[in-house]
Every structure is written in structure tokens, then in C-alpha cells.
Amino acid sequence: MLTNRSKQVVKREMSLAEKLYLPAIFSGMAITFKHMFKKPATVKYPEEKREMAPIYRGHHVLKRDNAGAERCTACGLCAVACPAEAITMDAAERKPGEELLYREEKYAAKYEINMLRCIFCGLCEEACPKEAIFLTDTIVNPEYARAGFIYGKDKLVERMDARIDVSKRQTADVAMFKMGESAAKHNQLYNPKGEQ
Amino acid sequence: MSQVDILQTVDKLKRCLQDLKGLPPIEIKIEYDFPEITVSRDQVYRVLQALKENKETGFTFLTTLCGIHFPEKEGNEFWVMYQLHNLFTNERIRVYSSASVGDPVFASVTPLWAAANWMGGEAIDFYGLQFEGPPNLTRILNADEMDYHPMRKEYKLEDDSRTDKDDTYFGR
Amino acid sequence: MVTYILIKFVLVLFVFLLALTVAAYSTYGERKVSALMQDRIGPDRAGPYGLLQPLADGIKMFTKEELIPTNSSKYLFVLGPSIAMLTALMAGVVIPWAGPIEAFGQQLTFQVSDINIGILYIFSVVSIGVYGIMIGGWASNNKYSLLGALRASSQMISYEIAMGLAIVALVMKSGTLSLGEIVTQQQGDWINVVYQPLGFLIFLICAFAETNRAPFDLPECETELIGGYHTEYSSMKLGLFLFAEYINMFVSSAVISALYFGGYNLPFQAALGLEGAWLAVLQFGFFFLKIVFFIFLFMWVRWTIPRFRYDQLLHLGWKILLPLAILNIIITGLVMWANGSLA
Amino acid sequence: MSYLKDKGIEVEYKEISNLNTLNLGPTHPATHGIFQNVLTMNGEIIEDSQQTIGYIHRAFEKIAERRPYNQITVLTDRMNYCSSPINNLGWHMTVEKLIGVDIPKRAQYLRVIIMELARISDHIICDSVIAVDTGALTGFTYLFQWRELIYEIYEEICGARLTTNLGRIGGLERDFTMTAWKKLDKFLKGFPAVLEEFENLVKRNRIFMDRTVKVGPISGDRALEYGFTGPNLRAAGVDYDVRVALPYSSYEDFEFAIPVGEHGDTYDRFMVRLEEMKESLRIIQQAKEGLPEGPYHADVPAFYLPPKEDVYNNMEALIYHFKIVMGETDIPRGTVYHSVEGGNGEVGFYLISDGGRSPYRLHLRRPCFIYYQAYPEMIKGSMLSDAILTLSSMNVIAGELDA
């Protein structure tokens, strides 16, 4: 005995009723019978979907701003932060006339996430200083071939006709910040039409 | 554990080591909340046995054992760390012992603690250490035909010939 | 003569199909019951409420690849499940499904064959069933299968004795070995379980063991022996083994209901005032209800309690059930002697 | 024979033996992971056994030598994946000890809640799996519905369910949300009844007791020799618990008992885990009631990421953000060891820092790896079914075994 907090918990002597097998079996059967009338806990998956937490770490998305320009500036911080080394990117410089496509002067010409390597730890999202990459509460689709799991920009960048709301993933402080004055300036510079 | 406790442990440790005859003086370092001693490898079994059996110290529990590789310390490249615990007083110490790269042989402490068997086996697998004495410790984790010891510092984590990941731009 | 053969043929076909259907739907029932007990839904995709699930399973079983392990004894490997299935189906012939009626100018009995040693017949046929398991387990050339087969055979041997002795008391009471006779005796009288509660309990427990159902499912015991004797089986050969188990369950339930619960006899049969075919249908329905209840009991127990260890199982069989069965015989004898019905 | 051998005559002979070799694993329903036991059996009695491990060794200790400190958390996720938050937070506490940060009380209490939830989920798995391996499958599904709720709470806190990557160096990444509190309340309210139902299903059932009592016993002394910690040691009667012996994260504030067994057999291990779940519930209750106000992370700008609005807005924060993510912050040199009470015992992190970006050496003390050595001794002379129950009651988790 090392401490005075120990508590002997095991009782191994069986009473006569317990030795007879049957009472315990009957009480067990009563329990299982009772459960036959309980509501099942099953979620019928393809039809019903469980509600994921708003901060669930699922499929990645590369956000655009409200004007439709990609936010990613190819700083490479997400690739560095990735413990699984799943992210690969090539940066390119924005040419004149592409302002509506890319928000910053530099952008990711190639952005690939290898979903077979990805461990969905969320560190890329945390690392991103441009609120470009987010994880969403959807899960990655299964596929038959490995090649399909290397997600390029075609699968990662959000479509303007099906925008993904990530506002719940951001803290209240970020939201406040966006409404504040500095945000206005920020928006004026990069996004005159108003940020999401 | 507060600082005072550690000093008490150090005192006990000193007394215990003084009782052992023929032992060169051993320096006791304090590293965070652990006293640390370094013992030459031919004495380490004796010292550990004394620490275990001495009534005052009573380090009867081997918490962990692992190998360490310091390639820059010439002549003492391979180290073994034994961490002991006195469950009654909750004092803990670490004992180190070292050997050179050509002759990384240590005494097996499995007779003292059965737990040391696999812990030693792990060190054999990953550092190529050898433990002499009963029972014969062998590799346990790696494949039998593997002829190198991957945790040694000369092995890089990633192979340079790797082609599955194109990280020319943001490589590590 | 031709009519006789025709009628018997129809009856055999009926029993055969009934056994297969019940077995097929037992697999469905097993899943549904376990699901409900475990707060799940169970099969619900094939057809309404998943009712076509057995069909889907059958198709799956038939279309799966046939695998015969290289080092197995091929003929025995195929023979094993066949024997298991055959004996399971054979046991059904002596069960009386309903009372006799007058039709086609003769008396029709809803029993394929009312042999006067019906109980012995069931015993012998069921005990051949274990050969299927043994042969299958041995022929697989797999240690897990072999262990399963060995467990199965020793279990069968130990429990058959207690089961037989439990029946002896019943036979003493009724004075016949014919199932049809025993059922008829219970007509309008108390059912046998009232006279033989201990015998019934022993018989029930042994029936669990004979059908390899939990808590006695050691031969297949998925956590230890993976699948036991059917580890190496696939496709319809596995299907036959599983089917045999469910048919055995069905037959056991039928035998329990016939021996101890009055078989097809309706309570207050005379008061109902029914006759002929309608009565037979009603009797059959009632008998079937009893069978379904016992099948449910089999499942209910399986999904509730843990299983025995091998030595504990033998201990229970030899040291508890066997003495109890002998005690039951003695008590029955004493009671019969006391009220003078001992001839 | 030796006579012939001396004469140089080679005789080939087969030793006739009743013994039979059975491969239990690498993939067997009862191993719950990938490791092998080669049993030498005499009928159903086990005469000897030999273990093979290392099938899923992923060299975490080596990988850790290349990763910045904040990226090692995801490795600890995969050690004991049944209670990964304990490992995550244990790792964070180790680094916090190295850099000498004091964590605010609130963060410590929140950590306690998370760790105790993780312990409950770990014990749920072990106990229900013992029941499953005896053949009683149904109780397992009752408990697992509530483990699901624990996972939902994790999901609310960190966004993932199994590999949580929870907490950050210096505190937690975010406070509990309202939904998380609601779910926690639901758990605290509903779980005790379910646990009792599960107990009634198996605990005093004679079949279950016959199967588990005196199965795979180990004495307290022998267990200590083998380096047992955690519930398995406590089942053998030694009340060593890291939470009490060397309190961390404010465990000294809470009132709880250490359940101990006597013989160290399967039934004891089952019961100790069952009672520990109740004690964990008590701790969570206390931590929830006594939860102080305050920040959920310490003020360590060099290690804890600045808030996002500052990163977007403030140059200094952005620089820190980059430095932390790239792992370029200065870390003291030194050697530290920190241990937490994991689901299976003392999870220890022995860390040598040379001041670089990643640890110089990180040794993980995995309780499973150490106590699984005792398995051949524990099952010797028992039956095959006992071996399986001993294995499931030891709760050997392959991810922790091989690290």
C-alpha cells in the first residue's frame, strides 16, 4: 500500500443464488429484453447524416474571397506545418489582368494535397496566415484508385456557385476583427466588394 | 517534487554510493526534477543492484531504459539510460552508462528487473547495443534480416532518393 | 398405395421446405433480434424491413468463390457440410405437425412417419450430425478447425447423455417412445412440463449444447477459434453448415414443444368445437408459434450471456446435469410408485 | 542417439511429441491489433508461448527527431489510440516542463476533464472487450454508444474523434464550446446508469466469473518486476497511480480513490477498470464544478500561436506565427521526463533537447510495450480461452506496443 487512497473493489465470493447460474442469466435476459423496445442508436448513413461539429476536421477547401479571387499566396507555411508532408505547391507570380483571379501578387500555381498521406490534424488550417485553407465538416470521398486521392486545385478551390461557409471555424475575435475598422481597410485594398 | 526532496534524494544517493567499495567518485547532476549519475559500464550493474537493494534508496522499480546516440562524443558514443523509481517515496533518478561505437556492450539488468528484457531489446534493435548476461537479449521489433540500426544518428529520416513527393520548392 | 406415396411425398416436401424457410428466416431473425437487443436496426435494405435478406444471402452464398484448401482432404471437406445438412433435415420426419384429419377417404396424419421409436430416431440422427462437424473440421487441415471439431465432438458426447436421461424420465411417465403418442397424451391433459420441470430444464440446456448455440458455442467460438470447424469454409459449403445449425435449432424447438409443451394441442381444444381441416390449420399454427418462441429463446440467450470455457462446459455436463438427470429419474420413479401408476 | 552422433553417423529423427503449435495472430480476432503469439499447446493447455511484436512499428522516436515540437503531438495520437488525448496532453506537459511554463488553472482543469473522458473511453473499450471475448456481445454495444458521445465531445473540442491532436504547448487550442458542455452534462447524467446496466449484465454472472476469476493472475511483486503500471498493476494490489504519486495538471485538487484488486487476475483487472470509470466520473464532476475562470492557455508567445486576428493585422504577431509554425523558436537545452497516467499505465516522455528545432532524442515509455512481456508467464499452464481473456484484459494496444 503506497497511499491511503486505495479501495479494495473486488468481491469474488459467490452467493448461493449466483452459484445457481440461472438468476443472473434471467436478470441479464431481462436487461436485453428491455432494450428491444428502445430507440435504436443507429444513424442510417447515406440517407441520414450525423451532424458534425462545426470545427470538424475533414475535407480541405481553398477559399476564395467574395470577388472570387483565390486567397492563397503560396507562402508555403501549410506545407511546412504538415506533419505528414502531404502538401505540395508551386508558386507563381500574378500577371497583370489576373487581379480578379488571385488576391495577392503571388499565388499557388499548383497546390496538391495527397489525401492518402493527410492525417487531418488541422495544423495547415492553423498555420495559414491568409485564411486561405480551411478544413470542412465533409469527409473525403472514397475512390478505387490511388491517383484520385491527390487533390489538385480543381478539387480544393471552392466553387463560387457552391461556396462553403467556414465562419463557424473562426473564433468570435476574428469575426469582430473583420467587422472592425482595420478590416474595412483590408477589404478596401483587396476586396472592394466586401468580404464574406 | 520540490527542490528539497531532490536534495534529500541526492544525499541518500551519496550515502548509498559511498557504501559501495572500489567505486570511483560519481558526480551527481540535477536535471529538472531528476538527479542524474553516470556510471562506467563495468560498474553499472553493481550500482543498479545497490540502488535497488539498499533499504534507504529503495529504487525498486525500473521505469524505463533506453539507448541514446551521441556521435560527437568520441569514445562514448552510445549511452544507456536507466530510470529508477522508488514507489514509496516517489523519488526518481536516472543512471547513465556509456560505451564506444566499436564495443557497445553493456551488462544486462534483466536479472534485476524482468522488465528490462524488451526495453533492452529495443535498444538492440535501434542502436545496435549488446547486452551481456542472462537471458540472451535479442532483437524484438525489427525484421531478423535487417543489418543496420536505424535510430543511430547517421541514418537520415528520409531517403534522398525519394521520388514520390515532389518537394523541390518547399522541401525540408 | 399411390395416394399414400403421393401424400407422403407432399408431406416430405412440405417439411423440407418448411425447415429451409424457417432456417433462412432464422438467419434474418437472428440479426433482427440481436440488432434490437443491441439498440441497432439490423437488416433493412433488401426489401421492406429487409425481408428479402435471406434471399440476398442465398444468392451471395451461391455466387461466392468456392475455396478448397490445398492440403485438405477434398472429399471429406465436401462431405462434412453435406452430412451436417442431411442429418439436420432428416430429424424433422417424426415430428407431428397437426392432429389427424379425415380426407381422401382415409385418415391423414401430418407426420411423415410415426415410427414407434421416434425419440430414439431423433437422437440417433442428431448424433450423426456431429460427424459432419468433425469431418469438416478435420478435413480442413487447420488447427483452429481441428480444435473446434474436437470440442464439438466431446461436447456432443457429454451432453447427449444428460439429454437422454432427461428424456428417460419423460418416457417413464408417458410409457412410449413415439412422438405422436406423447403429443396425443397431452391432449386435454396437463402438458408434460408441469410434470417434468427439471427434466425440461435439463433438456433445454442440452438442446442449446446440441445445436452449438451460446453459451455452448465453443466449436465455433469466434473470439478464440476464429470460426472453429468452419474457419476454412466459404460459399455454399459454409452456408450449409450455418443452415444446418439453424435447422437443428428449428428441429430442437419443435421437439421441445412436442415433448414438453403439448405439441400441436390447443388449449381448450374441445371447447372450440372446430373440426377437420380448420382445426389442423389452427393446431399447426399454434405449434408453429411455440417453435418460433423457442427459436427466439435460443437467440435471446445467445445475445445475453457469455460462453463457457471448455472444461467448465464438460464440468457442467458431467458433474451437474448428469446427476440432476439421474435425480430426476429417481424422483419420477418415486412419484409414479407413490400414485400407483408404475405397472 | 548421442552414441551414433559421436561416431559421426547422422541420424535424422523426428521427436515425437504431443505438443502442438498454434499461431495466435498476427491477425486473430482476439489480438485486437497486429502481434503474434506462437503457443505451444498440449491439447488445450498452453505449455509455452513466444511473442513476436513489431508488425506496426512506425519509428516514432526516429520521426520525432525530425519534427518540430508542435508536430510531435500527432505522433502521440497514434500510440494508444483509444485514449489519444492523454498522450497528446502528456506530450504538451513534457514540453511545458522543458520550457518552464505554468499553465493557468482553468486550462489545467479543462485538461483534467479531457483526460478523464479519455480514460473512460479507454476503459470502456477494455471492459466491453473482455465481455465480448467471453461471448457476451450485447453489453459492448450499450457502452459503445456512450463512448461515441465521448468522441462527440472530443469533436466539439478539437474537431476530430480518434486521432485528436488536442491541445497546444501552453494550454488548449480553444475553450470548450456550449455544445461541448451540454454533451458533457448529458454524459455525466446518463453514463452511470448504463455502466450499472453493463455491470448487471456480466459482473455477477457465474459464467462470466468462472471465466475470469483466477485467469491469468500475476502477483504484485512480479508485476512490479515486469514494470506493470496502471490498472493492471492496481489489479495486482499495488496502488501506484501517477495521478496521486506525482500529481500533474492539478490532480492534487481532486478527491478520488484508487481502486485496487488483490490477485491480479482477469476479474480483478475488469473490476478495477470498472471502478476507475466511476472515479473518473467523480473527477470530471469535481473539475466541472470547481472550474475557475481565466484564460485557457498560458501566455507563451514563443510557443502558443497568436490569435488569428493579430496574425492578419499585426506584423509582430505574424512573425511569431511564422516562427512557431516553422519551429524556429528557441527552446532550452536539457533533459526532462514527464509521465502521465494513461489508459494503461504510466505514459512517459523522456526528452533530450539540444536547443534545436526538434528533440535530440525522444524516448516514449509505452506501458503496453513493457507489461506485455509478462504475458507468457501469465498464461503458462492455462487454457486457450484463458489466454485470450488474459490478453484482452491486459488491454494490449498494438499502436502503443510498437510505437
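Lettering follows sequence order; numbering is per chain, from 1.
For the pair D/Tyr375/D/Thr390, a side-chain contact is recorded, criterion being any heavy-atom separation below 4.5 Å from C-beta on. Here the side chains of D/Thr212 and D/Phe270 are not in contact, with every heavy-atom distance at 4.5 Å or above. Side-chain contact between D/Met277 and D/Ile124: present, with at least one pair of heavy atoms (C-beta onward) separated by less than 4.5 Å. Taking 4.5 Å as the limit, some side-chain heavy atom of C/Asn212 sits within range of a side-chain heavy atom of C/Met156.
Interface remark: of the candidates C/Arg40, C/Arg302, C/Arg151, C/Arg151 forms the most heavy-atom pairs closer than 4.5 Å to chain D. Between chain C and the residues D/Ala387, D/Ala131, D/Ser385, D/Ala30, the largest count of heavy-atom pairs under 4.5 Å involves D/Ser385.
Aromatic rings of C/Phe203 and C/Phe200 (six-membered ring for Trp) have centroids beyond the 6.0 Å cut-off, not under it. Aromatic ring centres of C/Tyr233 and C/Phe77 lie closer together than 6.0 Å. Checked against the 6.0 Å centroid criterion, the rings of D/Tyr55 and D/Phe35 do not qualify as a close aromatic pair.
For D/Thr21, the parts sitting under 4.5 Å from any heavy atom of chain C are the backbone and the side chain alike. Neither the backbone nor the side chain of D/Val129 comes within contact range of chain C; no heavy atom of the residue lies under 4.5 Å from a heavy atom of that chain. D/Leu24 touches chain C through backbone and side chain together, each having a heavy atom under 4.5 Å away. Only the side chain of C/Gln312 comes within less than 4.5 Å of a heavy atom in chain D; its backbone stays farther off. Heavy atoms closer than 4.5 Å to chain D are found in both the backbone and the side chain of C/Asp311. If you measure heavy-atom distances from D/Asp210 to chain C, the contacts under 4.5 Å come from both the backbone and the side chain. If you measure heavy-atom distances from D/Asn23 to chain C, the contacts under 4.5 Å come from the backbone alone.
Side-chain atoms of D/Asn37 and D/Tyr372 include a donor-acceptor pair closer than 3.5 Å. For the residue pair D/Thr40 / D/Glu47, no side-chain donor-acceptor distance below 3.5 Å is found, with atom types taken as modelled.
Listed by sequence position, D/Val132, D/Asp133, D/Thr134, D/Gly135, D/Ala136, D/Leu137, D/Thr138, D/Thr141, D/Tyr142, D/Gln145 are the residues of residues 132-147 of chain D in contact with chain C, using a 4.5 angstrom heavy-atom cutoff.
A perpendicular orientation is assigned to the rings of C/Phe241 and C/Tyr229, their planes being inclined by more than 60° (bins at 30° and 60°).
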